[in-house]
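Reading through the structure tokens given below for one structure.
Lettering follows sequence order; numbering is per chain, from 1.
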Number of protein chains: 2
Amino acid sequence: MNERAKVGETISFLLDQTVRQSKLFTQRQMDQLGLNITVEQWTLLKVVAENGRISQVDLSLKAQKDTASITRMLDLLQKKDMVRRTADDMDRRKFLISLTESGQIFFNRHTAQMDALRSKIVEGLSDQELADLERILERIRQNIV
Amino acid sequence: MNERAKVGETISFLLDQTVRQSKLFTQRQMDQLGLNITVEQWTLLKVVAENGRISQVDLSLKAQKDTASITRMLDLLQKKDMVRRTADDMDRRKFLISLTESGQIFFNRHTAQMDALRSKIVEGLSDQELADLERILERIRQNIV
DNA sequence: GCTCATTCATTGATAAATCAACAATTGACA
DNA sequence: TGTCAATTGTTGATTTATCAATGAATGAGC
């Protein structure tokens, strides 16, 4: 391994750029489709759709985001009438987050498009390559615990 | 390919998390070492070190960042007396960016540590796996042009 | 039953990313 | 030479991430 690699040659740089540009690509496609939400907001919406009536801490675990980020993203999604916060009778510190009716409709209406975008990003990669990628990323994640 | 994968199972999510957590890991190590700059600022510093006397547009190309981000990051690095902006005699729209003396000293002093951190992230990956990773990321980048 | 540590959600400060709009220059070309 | 489009850097608005600190509520242990 070359310890004196230029910035543009390092794996971290490549990883970072790839992720950022994928997100940018997805965002622009979403804007063109007129979705009017961000990539991150879609991800959060999807987690809520998959887990309905979930607390913000659990949401932060599933989405792997800081609870502070979750709070602010939920504020925005709530303004767009996509999600609601319901007080938890069992634990008054908590809110249970769920999709609103229009949030559910929005999610259903755009899931296929979003899946297609996601597929486009890994287009042309074989199952073997995808498996390799997952394994490598897993290893990296172990390295930084 | 499963079109109905949960968020946590998608490649985009894995990529995103890996990059974010690598950055977080690196930042915390840097904080412990007392570097007092951010991961992104180090990257920019490194690009300047590699390209001395470079314009902000060229810097934005090398670092693959928006010129707006470059402007603000340079403001911060300038406050820390790491870089300077010198007026370009040939083109009065431009500044030429270079390391200050203390910026150069700082960069020299910490390069080995930063290289070590970078190595730690890909520890245990074979040359073959690194090559695979680069190829796969390259393919993804082609997909989103 | 009380106390005290923990948990949950929020807020503030700071950094970085994106887009859009802008002023000052530059340079192409009619 | 004069005009006009393009380039360079900056700023503003918005979103997301990080950490630290906070108030309210919970629950474990005495």
| Got a sec: does the CZ of A:R53 have more than 12 other heavy atoms crowding it under 6.0 Å? | no
| message | Checking side-chain polar atoms at under 3.5 Å, does A:Q78 have a donor or acceptor matched by the opposite partner on A:R85? | response | yes
| request: In whole angstrom, give the distance that lies between atom CG of A:D88 and atom C1' of C:dT7. | output: 13 Å
| query | Using a cut-off of less than 4.0 Å, is there contact between a side-chain N or O of B:K65 and OP1 or OP2 of C:dA17? | reply | yes
Please list, for nucleotides 11-15 of chain C, all pairs of protein and nucleotide N/O atoms separated by less than 3.5 Å.
unit_1	atom_1	unit_2	atom_2	d
C:dG12	N7	A:R72	NH2	2.6
C:dG12	O6	A:R72	NH1	3.4
C:dG12	O6	A:R72	NH2	3.2

| field | Pair A:R139 + B:E129: basic N to acidic O under 4.0 Å | value | no
| Of B:D91 and B:S69, whose closest DNA chain C nucleotide lies nearer the 5' terminus? | B:S69
| said: Using whole Å, what does the distance between atom P of nucleotide C:dA16 and atom CG of A:L24 come to? | reply: 18 Å
| Taking atom types as modelled and ignoring hydrogens, do the side chains of A:T10 and B:R118 form a donor-acceptor contact shorter than 3.5 angstrom? | no
| field | Side-chain donor or acceptor of A:T100 paired with backbone N/O of A:D81 under 3.5 Å | value | yes
| A:K62 NZ: over 12 foreign heavy atoms closer than 6.0 Å | no
| task | With the side chain counted from C-beta on, respond yes when A:N143 and B:V122 share a heavy-atom pair under 4.5 Å apart, and no when they do not. | result | no
| Nearest listed nucleotide, side chain of A:R28, among C:dC8, C:dT10, C:dC19 | C:dC19
| query | Can you tell me how far P of C:dA16 sits from CH2 of B:W42, to the nearest Å? | reply | 15 Å
| query | To the nearest Å, how far apart are A:M30 CE and C:dC19 C1'? | reply | 16 Å
| d(CD, A:Q27; C1', C:dC19) in whole Å | 11 Å
| message | Please check this pair: side chain of A:K120 against backbone of A:D115, looking for a donor-acceptor N/O pair closer than 3.5 Å. | response | no
| So does A:R93 reach the base of C:dT7 with its side chain, donor to acceptor, closer than 3.5 Å? | yes
| task | Decide yes or no for B:V145 and B:R141: does some side-chain heavy atom of the first lie under 4.5 Å from some side-chain heavy atom of the second? | result | no
| query | Between B:M90 (CE) and C:dG27 (C1'), how many Å, whole number? | reply | 16 Å
| query | Are B:V48 and B:L59 close enough that some pair of their side-chain heavy atoms sits under 4.5 Å apart? | reply | yes
| request: In whole angstrom, give the distance that lies between atom CZ of A:F25 and atom P of C:dC19. | output: 14 Å
| First and last nucleotide of DNA chain D, 5' to 3', lying under 4.0 Å from heavy atoms of chain A | D:dT15 to D:dT26
| request: Please report, rounded to the nearest Å, how far the P atom of C:dA9 is from the CD atom of A:Q56. | output: 5 Å
| Bend across the helix from C:dG1-D:dC30 to C:dA30-D:dT1, to 10°, with axes taken over 5 pairs at each end? | 10°
| field | Min side-chain heavy-atom separation A:M114-A:L35 under 4.5 Å | value | yes
| said: Need one value for A:I70: base, sugar-phosphate or nothing, where a base atom within 4.0 Å counts as base even if backbone is also close, heavy atoms only. | reply: nothing
| Looking at the side chain of B:M73, which of C:dA16, C:dC19, C:dT26 is the nearest nucleotide? | C:dA16
| said: For B:W42 and B:H110, take the angle between the two ring planes, folded into 0 to 90°, and tell me which bin it lands in: parallel under 30, tilted 30 to 60, perpendicular over 60. | reply: perpendicular
